2 protein chains.
Amino acid sequence: MGMDERKFRILQAIIDDYILTAVPVGSRTISKKYDMGLSSATIRNEMSDLEELGYLDQPHVSAGRIPSAKAYRLYVDQLLHQGLLHSDTESAVRAHFLGRMRQMEDVIDHAAQVLSSLTNYTAVVLPPSGPQPRIRTLQLVPVSSTAALVVIVTDSGIVRDTVIRVSDQLDSDALYAISKTLTKELSGRTLNEAVELLPLITGRMQQGEKLLQGLNSFFQENAGASHNHVAIGGRSNILNYPEYSDTEKARSFLSLMETRDKLASIISQQGEMAFTVRIGPETGVPEMADCSIVTATYSTGNGQQGTIGVIGPTRMQYDKVLSILGTMGHQLSEMFRED
Amino acid sequence: MGMDERKFRILQAIIDDYILTAVPVGSRTISKKYDMGLSSATIRNEMSDLEELGYLDQPHVSAGRIPSAKAYRLYVDQLLHQGLLHSDTESAVRAHFLGRMRQMEDVIDHAAQVLSSLTNYTAVVLPPSGPQPRIRTLQLVPVSSTAALVVIVTDSGIVRDTVIRVSDQLDSDALYAISKTLTKELSGRTLNEAVELLPLITGRMQQGEKLLQGLNSFFQENAGASHNHVAIGGRSNILNYPEYSDTEKARSFLSLMETRDKLASIISQQGEMAFTVRIGPETGVPEMADCSIVTATYSTGNGQQGTIGVIGPTRMQYDKVLSILGTMGHQLSEMFRED
DNA sequence: TGTTAGCACTCACCTCGGTCGAGTGCTAAC
DNA sequence: GTTAGCACTCGACCGAGGTGAGTGCTAACA
C-alpha cells in the first residue's frame, strides 16, 4: 500500500479543512464538502490507510482525524515545489510599505507589524547579520563637556551609537579631528579588527585613555552576535486559535515571546535556503510542540542576511504564509539594497 | 452607622486576603486567619455594614465578599498618606540597575523589564516629555556620498537621528562646517523654533535645498508629541491572574498592549502628582474594567517628566507596587540627572 | 448594648448517569 | 473496487443530586 494520487488529494482536503476549522475532520465532511466523487465509506477506507501510513492521527476512536506533523511536512514540501506567490498578496504587502522608513529598527518593527496583520499569526523579524559589517565612518559628536556620542556607520547602515565619557579638554573641533583620524585608520575594517587596532591608534594621541575604554567596550558589544533588536508583531494573535485557549499554554508561549534572545536563536535560520518550515516537534522547543515556524530570508546590499518568520499553530495556512513571507522578503531586500 | 476603626481593620484584612487569593473572602476566614479577637458572627455583622456602605460587593448571596473599587480607593489613599518605601524594595531595584546603561530607550526598556519582574504585573514606561527640549548640538555625519546622518543632541539627551539625502558635493569637512554653523544658530532653540529658523539659515548656504527639506521634516516629526517609544514589560503577566483566565478578556487586554500610542495616552499622567492610582472604571477604558493602573513620575535634569506605570487586576498589591514605583522613579530621575 | 452561638437557607461547584450525535470499522451487496 | 447499512465507540452536553462555604436572623449571654 503506497501513497497514490487519490490518497494525496484526500489528505490535502483534510489538511485544508482542518486548517480552517481546527476541528477533527470526518469522512463524511470530505466526501460532501470537497466534491471528490467518492462516498464517505471509500474515504473512510483511504483515511484508515493514511493513518496507518502516519499521515493522520485520531484523537480518539470516533472523532475524525487530524493531520500529523508528517502530513504537514508533505503538504509544505509540495507547496515549496510549486510557485506560490498570489499576486494579490504581493500588492497587499506593497501597500503596507508606503511612507518613508527611516532606520533599520523602524523598518524591521514595521515589517513585523505588517507581517502579523497580514497573516494573523505572530511574526518575528531579525535584523540582518552575517559577514562582519565593515566600518565606513566613525564620528564623535559632543554631548556635554565630558561626554560624546560615538556614531559608527557601516557598509550595511548605521550600527549603533552610544555615549561615552571623554576628557573635558576635548571640544567639538578636537573631537572632529579625532574622528577623522579614526575613520581613516579604521575604515574598511570589521569591528573585531577595530578592537585590535584601537590601542595602537589611541596610543599615539594625548587624550586617549578614556576614549579607548569607551570605544573598546562599545566595539566589543556590537561585534558580538547582533541579535540586539528583534521585532515581534501580533503576539496576541496566537490567542485567536483554539489550540491556545488553554491559558497555561498561552502563558508559556507568550513569555517565550518576551525573551528576545531566546526567540532570536529559535528563529534564526541555519542554512541558506529561501524558506524553512519547522512543524511541531521539529522546532525543538517544548513550548512550541504544537506550533509551526515558517521563516524566510532577506538580504542587504552587502550580503548580510536577515530572517523573517511567522509562528502559528501547526494547522497554519502554509500556502498563504509562504506567499506572504516570500513577498515580504523581496520587499525588504529591495528596501535595504537601495540604501 | 459610620466607618469606625474596627470596620476599617476588617476591611483591610478582607482586601489583603482577596489580593492574595482572588477568592471571595468569608467572615470565618477573617476571624480565624487575621486574629481579630472577634467571632465570625461579629465580623459578619460588620461586613454587612461595610457592604451597605459600598465597600464590599457580594458576587452572589453565599459567596463571601470582594472589595469594591471604593474599598481599593480608600485602601490606596491610606497607603499614600503614610510612608511606604520598604527598604528591601529599594535595594532590589538598585540591584537590577547595575551595569552601564546606554541610551534613553535602553534605559526605559530596561526599567519596564525590571518593573514587571519585581511586581509580577504588566509594566509600562514612558520616556520623558514636557517642556520642549532645546537643541544643544547638531551634527551631520557622512553615510554615503549622497546621504548623511543627522544627530541632534538636546539638553535632555539624544533625541533622534535620521538619514537624509544631501548634495553629493558635500564631503565630510563640508558637512562638519555646516554642522558648526547650524549648531551655532540653533543651539538653545526648541525644535519648533528651529523649524522656523531653518530656511533663514540654509538660505545663506549654497547646497541648502536638499538639506533644508530633510532637516525640516526631521524636526517636524520630532517636535510633535514624543511618545515614540513606549516600553512595555511583562505583557503576559496578566495571565497569571485568574480574572484573566477568560481568553477573550486576555485577548482584548493583550491587543490593547500592542497599540503603543493608545497605551501611552492611557498611561500618561495629567497632573503633577507623585502617584496616580486609577481603579477599575476610573481608568476610563472598557478593556480595563477590572484592572487598576498605578503610575508615578520621574524627571530629568531639565524638568522634563516621564511616567512609569503598572497595570494589574484591581486586587493589586498596592502597597508593594507603590513602593516599587516610588523607588524606581527616584532611580530613574537620578539616572537621567547625572547625564 | 455589644458579642456570640446556633440554625436554616442559599447557591456555586462537583460528580454522576443518561442521552445525543458524529464518526468509525466491518460486512455484505453491487 | 465501491457503496450502503449497521453496530459500536466515545466525547459533548444536560440535568439531578449532593456538598460545603458562607450568609442572615434570632436568641442567649456578659
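The chains referred to below are lettered A, B, ... by the order of the sequence lines, with proteins before strands, and numbering in each begins at 1. These numbers were taken from a predicted model, which means no experiment stands behind them.
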TODO: Compare every heavy atom of B:Ile15 with every heavy atom of B:Ala71, then report the nearest pair and how far apart it is.
DONE: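 Heavy atoms of B:Ala71 and B:Ile15 come nearest at O-CD1, 3.7 Å.
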
Open item on the list: What verdict does the side-chain contact (heavy atoms from CB on, under 4.5 Å) test give for B:Leu38 and B:Glu46, after you've listed the backbone C-alpha separation in whole Å, the side-chain angles of each residue and the deciding distance to 0.1 Å?
Closed with: CA-CA 11 Å; B:Leu38 293 173; B:Glu46 296 287 40; 5.7 Å; no

- [ ] For DNA chain D, find the residues of residues 36-48 of chain B with a heavy-atom distance under 4.0 Å and give them by number; none if there aren't any.
- [x]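 Within residues 36-48 of chain B, the residues near DNA chain D are B:Arg44, B:Met47.
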
Starting at [atom1] of [X] and ending at [atom2] of [N], how long is that distance when rounded to a whole Å?
X: B:Asp17; N: D:dA21; atom1: CG; atom2: P; result: 15 Å
X: B:Leu56; N: D:dT23; atom1: CG; atom2: C1'; result: 13 Å
X: B:Gln58; N: C:dT10; atom1: CD; atom2: P; result: 14 Å
X: B:Asp57; N: D:dG22; atom1: CG; atom2: P; result: 17 Å
X: B:Asp49; N: C:dG2; atom1: CG; atom2: P; result: 11 Å
X: A:Lys32; N: D:dT3; atom1: NZ; atom2: P; result: 16 Å
X: B:Arg28; N: C:dT4; atom1: CZ; atom2: C1'; result: 14 Å
X: A:Ile66; N: D:dG11; atom1: CD1; atom2: C1'; result: 15 Å

Open item on the list: Under a 3.5 Å threshold, yes or no: a donor from one side chain and an acceptor from the other, between B:Asp17 and B:Tyr34?
Closed with: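 Yes, side-chain donor-acceptor contact under 3.5 Å.
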
TODO: With the side chain of B:Arg6 defined as its heavy atoms from C-beta on, choose the nearest nucleotide among C:dT3, C:dC11, D:dT9.
DONE: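 Side chain of B:Arg6 sits closest to C:dT3.
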
TODO: Determine yes or no for a side-chain-to-main-chain donor-acceptor pair under 3.5 angstrom, with A:Ser68 supplying the side chain and A:Gly54 the backbone.
DONE: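 Yes: the side chain of A:Ser68 pairs with the backbone of A:Gly54.
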
- [ ] For B:Ser48 and B:Arg44, indicate whether the former's side chain and the latter's backbone hold a donor-acceptor pair under 3.5 Å.
- [x]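 Pair absent, no side-chain N/O of B:Ser48 close to backbone of B:Arg44.
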
Open item on the list: Here's a test of your reading of the structure: between A:Arg65 and B:Ala63, which maps to the more 5' nucleotide of DNA chain C?
Closed with: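 With A:Arg65 and B:Ala63 compared, the 5'-side residue is B:Ala63.
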
TODO: Give me the ring orientation class for B:Tyr75 and B:Tyr318: parallel if the planes are under 30° apart, tilted from 30 to 60°, perpendicular past 60°.
DONE: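 B:Tyr75 vs B:Tyr318 ring planes: perpendicular.
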
Assess whether atom [atom1] of [X] is packed by more than 12 heavy atoms of other residues, nucleotides or ligands within 6.0 Å.
X: A:Asp35; atom1: CG; result: no
X: B:Arg9; atom1: CZ; result: yes
X: B:Lys70; atom1: NZ; result: yes

TODO: Kindly say whether, by distance alone, the side chain of A:Ser62 makes a donor-acceptor pair under 3.5 Å with the base of D:dT9?
DONE: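 Answer yes: a donor N or O sits under 3.5 Å from an acceptor.
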
- [ ] Starting at the 5' end of DNA chain C, write a dot or bracket for each base, bracketing those in Watson-Crick or G-U wobble pairs whose two distances are under 3.5 Å and using | for partners on another strand.
- [x] ||||||||||||||||||||||||||||||

